Amino acid sequence: MIDMRPVAQPIGKVTVVLGVSMFLPMTVDLWAGDAHWKVFLQCGFLTVVAGLLIATAAQREVRVLNIQQAFLITSGLWAVLPVFGALPFILGQPGASFTDAYFEAMSGVTTTGTTAFPELDNLPRGTNLWRSILQWIGGLGIVVVAMVFMPVMKIGGMQFFRSEGFDTLGKILPRAGEIASEMTRIYVFLTIAAILTYILLGMNGYDAVVHALSSMSTGGFSSYDASFGAFLGAPEWAASFYMILASIPFIRMVQALRGNFVPLWQDIQIRAYLRWITYACTIIVLYRLIVMKQGENPSDLIRETVFNTISTFSGTGFASTDMTAWGHLPLAVLILVGLIGGCTSSTGCSVKVFRYLVLFQAVRAQIRRIHSPHRVYPLRYGGRHIEQEVIDSVITFFTLFMLTFGLLIVGLSLTGLHPKTALTAAWTAIANIGPAWGPEITANGSVAEFPTSAKWLMILGMFLGRLELVSVLLLLLPKFWRS
């Protein structure tokens with residue numbers, strides 16, 4: 001029998017934090033003279049009480065976790081938090097169904113950024129702020145989980161980073177709690193820096209906070225139907241910078257702040273990520289300039305391309321223009337980079353750069369073995385030997401990811417969606433990216449016109465994608481509960 005006390009304790013505590021966070025948008029609505037503040041007061045009170053009840057049900061805090069409890073905590077957090085996160089949408093938005101409210105909350109905490117609301121411009125200020133707060137909390141949560149829990153759970157090759165989190169930092173960060181604390185500090189610092197930057201570039205304080213929270217979480221929720229199209233120019237360059245920062249390993253930034261910049265400069269994953277961003281931007285810019293022969297100002301075209309490509313690559317999902325108008329090749333490049341995503345131990349999405357680097361090495365080594373079957377081809381990553389267990393985990397994750405992606409496309413098609421819509425909706429859900437394209441997508445990019453069954457399939461896809469599939473699918477095995 002699994003002891004659920006260590007599982008209930010952290011879920012209850014985070015739920016309390018979520019409830020306390022509701023008082024921030026309450027204050028915004030109250031300041032604006034909007035009676036909607038009462039909704040956040042009620043929801044905040046209910047959520048705090050529920051969180052305290054969950055936490056105290058454990059009777060006492062247990063500091064030692066086994067592997068089963070670690071899996072249950074990660075899945076439990078991302079299943080429970082959207083329930084309470086949806087309360088302000090259910091009670092505060094007339095006509096909002098539970099499906100739409102839960103979809104919006106799940107999209108928030110998984111930092112996906114796809115919305116189920118057909119109009120954002122007319123939402124109360126507190127509601128749009130709450131959407132971004134959900135993403136910010138979810139982004140911080142996934143960074144901590146990726147650094148503390150996933151290496152222990154050996155999900156998708158993350159065991160490769162176990163020594164990095166607990167040994168490389170050694171005396172600086174000897175315990176998981178201290179790692180989480182350091183991650184939180186750098187996350188808060190960068191968020192404040194983004195807020196100040198946006199204000200200096202012309203945003204008002206409210207818009208700066210909303211978009212900074214979404215930028216650093218690589219979530220992509222905006223307070224405008226036009227998304228980042230409301231802030232063309234210098235803010236796009238600033239957002240591109242912060243989206244890149246948010247999608248590189250936070251552990252490297254912690255080390256840099258401690259005075260050790262060498263790991264940041266030498267990280268093979270960061271260098272590959274920046275290199276691939278450059279390749280993608282170059283291909284799209286050249287295609288738009290030469291093939292499409294668009295009459296835009298070249299500097300505007302470059303800025304627009306760089307911003308939207310980085311937004312898609314990092315999984316943020318901001319948009320400043322209609323990317324489908326760029327042509328078929330740019331759209332194919334955007335879909336491809338969305339399936340790559342950011343770096344491990346970041347708020348970035350999708351498969352992650354690290355896994356592709358390992359996968360490419362494994363494929364290359366296999367091809368060499370076919371040519372010279374008696375030679376040994378050891379795989380190395382950043383000078384370290386890659387164990388076969390890591391390679392197997394990466395290949396298993398990649399296979400499950402692509403299989404789930406395909407099944408989602410089929411399932412969404414069966415709900416009646418157009419094939420293009422089904423493809424991009426499955427892509428945006430499983431990779432936690434945000435944008436989707438197709439006839440059923442509304443003018444502001446929402447899935448409000450999707451059938452209920454399609455929304456629930458996307459909810460499942462977002463949940464599986466954010467928790468990297470294995471940590472959820474393992475819970476379905478009877479052996480997990482017996483052993």
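On a predicted model such as this, the values are computed, not experimentally measured, just so you know. Only this structure's heavy atoms are used, side chains among them; waters, hydrogens and symmetry mates stay out. Residue indices begin at 1 and follow the sequence shown.
- For T428, the side chain to side chain donor-acceptor pair (under 3.5 Å) test picks out no residue, with sequence neighbours left out.
- Between the side chains of S97 and T99, no donor-acceptor pair is found at a separation under 3.5 Å.
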Hey, can you pull the donor-acceptor pairs under 3.5 Å for the side chains in residues 126-147, sequence neighbours left out?
from, atom 1, to, atom 2, distance (Å)
T127, OG1, Q93, NE2, 3.2
N128, OD1, R131, NH1, 3.0
N128, ND2, L120, O, 3.2
W130, NE1, G85, O, 3.0
R131, NE, E104, OE2, 2.8
R131, NH1, S222, O, 2.9
R131, NH2, E104, OE2, 3.2
S132, OG, V210, O, 3.2
S132, OG, S214, OG, 3.2
Q135, OE1, S214, OG, 3.2
Q135, OE1, G220, N, 3.2
Q135, OE1, F221, N, 3.1
Q135, NE2, G219, O, 3.2
W136, NE1, T191, OG1, 2.8

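- The OG1 atom of T312 sits 11.0 Å away from atom CD1 of I277, with the distance rounded to the nearest 0.5 Å.
- Of the possible polar contacts, one joining the Q269 side chain to the T344 backbone as a donor-acceptor pair under 3.5 Å is found.
- The stretch residues 104-127 participates, sequence neighbours left out, in these ring-ring contact (aromatic ring centres under 6.0 Å, His included) pairs: F89-F117.
- In this structure, L469 and F401 approach most closely via the heavy-atom pair CD1-CD1, 3.9 Å.
- Considering only heavy atoms from C-beta on, I433 comes within 4.5 Å of P435 through its side chain.
- Each salt bridge (charged side-chain N to carboxylate O under 4.0 Å, His left out) pair with one or both residues in residues 184-212, not counting sequence neighbours, appears once here: E182-R185.
- Two residues are said to be in side-chain contact when any heavy atoms from C-beta on lie closer than 4.5 Å; L190 and L245 meet this criterion.
- Looking at heavy atoms from C-beta onward, F450 lies in side-chain contact with M458 at the 4.5 angstrom threshold.
- In this view, F231 and H211, Y224, F228 satisfy the ring pair (Phe, Tyr, Trp, His ring centres under 6.0 Å) rule, not counting sequence neighbours.
- In this structure, C349 and G338 approach most closely via the heavy-atom pair SG-O, 4.5 Å.
- Stacking of R355 on the aromatic ring of F397 is recorded, both the 6.0 Å distance cut-off and the 45° axial limit being met.
- One side chain, S446 or T442, offers a donor N or O that lies under 3.5 Å from an acceptor on the other.
- Judged by distance alone, the side chain of S350 and the main-chain N or O of A431 form no donor-acceptor pair under 3.5 Å.
- Side-chain atoms of T218 and T347 include a donor-acceptor pair closer than 3.5 Å.
- One finds the CZ atom of F313 at 13.5 Å from the OG atom of S240 (value rounded to the nearest 0.5 Å).
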Please evaluate residues Y242 and T197 with respect to the criterion side chain to side chain donor-acceptor pair (under 3.5 Å), reporting the C-alpha separation (whole Å), side-chain torsions for both, the decisive distance (0.1 Å), and the verdict. CA-CA 10 Å; Y242 284 109; T197 303; 2.8 Å; yes
Table please: side-chain donor-acceptor pairs of residues 31-55 below 3.5 Å, with sequence neighbours left out.
from, atom 1, to, atom 2, distance (Å)
D34, OD1, H36, N, 2.9
H36, ND1, D29, OD2, 2.9
T47, OG1, C43, O, 2.7

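- No side-chain donor-acceptor contact under 3.5 Å links S217 and Y187.
- Pairs of residues two or more places apart, or lying in two chains, that qualify as salt bridge (charged side-chain N to carboxylate O under 4.0 Å, His left out) and include a residue from residues 228-242 are E236-R303.
- Counting only heavy atoms from C-beta outward, the side chains of L334 and T309 approach each other to under 4.5 Å.
- With rounding to the nearest 0.5 Å, the separation of CG in N260 from CZ in R252 is 9.0 Å.
- The closest donor-acceptor contact from the side chain of S346 to the backbone of G348 lies under 3.5 Å.
- The CD1 atom of I270 lies 9.5 Å from the OG atom of S247; values are rounded to the nearest 0.5 Å.
- Side-chain atoms of W237 and F307, non-hydrogen and from C-beta on, never get closer than 4.5 Å to each other.
- Remark: the backbone N or O of E119 is not paired with any side-chain donor or acceptor of D225 at under 3.5 angstrom.
- Shortest non-hydrogen contact noted between P82 and A105 is O-CB, 3.3 Å.
- Between C281 and Y279 the shortest side-chain heavy-atom distance does not fall below 4.5 Å.
- Atoms CG and SG, on L274 and C343 in that order, are 7.5 Å from each other to the nearest 0.5 Å.
- Formation of a donor-acceptor pair under 3.5 Å by the S311 side chain with backbone atoms of F318 is found in this model.
- Electrostatic pairing of K455 and E449 does not count as a salt bridge here, judged by no charged N lying under 4.0 Å from a carboxylate O.
- In this view, R466 satisfies the salt bridge (Lys or Arg N to Asp or Glu O under 4.0 Å) rule with no residue, not counting sequence neighbours.
- Taking CG of L331 as the start and NE2 of H328 as the end, the distance is 8.5 Å to the nearest 0.5 Å.
- Between Y198 and S215, the side chains place a donor N or O and an acceptor N or O closer than 3.5 Å (distance only, hydrogens not considered).
- Residue I199 comes nearest to A208 through the heavy atom pair CG1-CB, 3.5 Å, listed as atom of the first residue, atom of the second, then distance.
- Note on residues 74-86: no pairs pass salt bridge (charged side-chain N to carboxylate O under 4.0 Å, His left out), not counting sequence neighbours.
- Residues meeting the ring pair (Phe, Tyr, Trp, His ring centres under 6.0 Å) test with Y287, sequence neighbours left out: none.
- Considering only heavy atoms from C-beta on, F354 stays 4.5 Å or farther from I268 through its side chain.
- In this model, no donor atom of one side chain and acceptor atom of the other lie less than 3.5 Å apart for T114 and T112.
- Among residues at least two apart or in separate chains, there is no salt bridge (charged side-chain N to carboxylate O under 4.0 Å, His left out) pair with a member in residues 322-339.
- At least one donor-acceptor pair under 3.5 Å links the side chain of N432 to the backbone N or O of M462.
- Annotation: ring pair (Phe, Tyr, Trp, His ring centres under 6.0 Å) contacts of F98 (sequence neighbours excluded): Y102.
- L301 places none of its side-chain heavy atoms less than 4.5 Å from the side chain of W326.
- A distance-only check finds a donor-acceptor pair linking the side chain of N308 to the backbone of E304 [under 3.5 Å].
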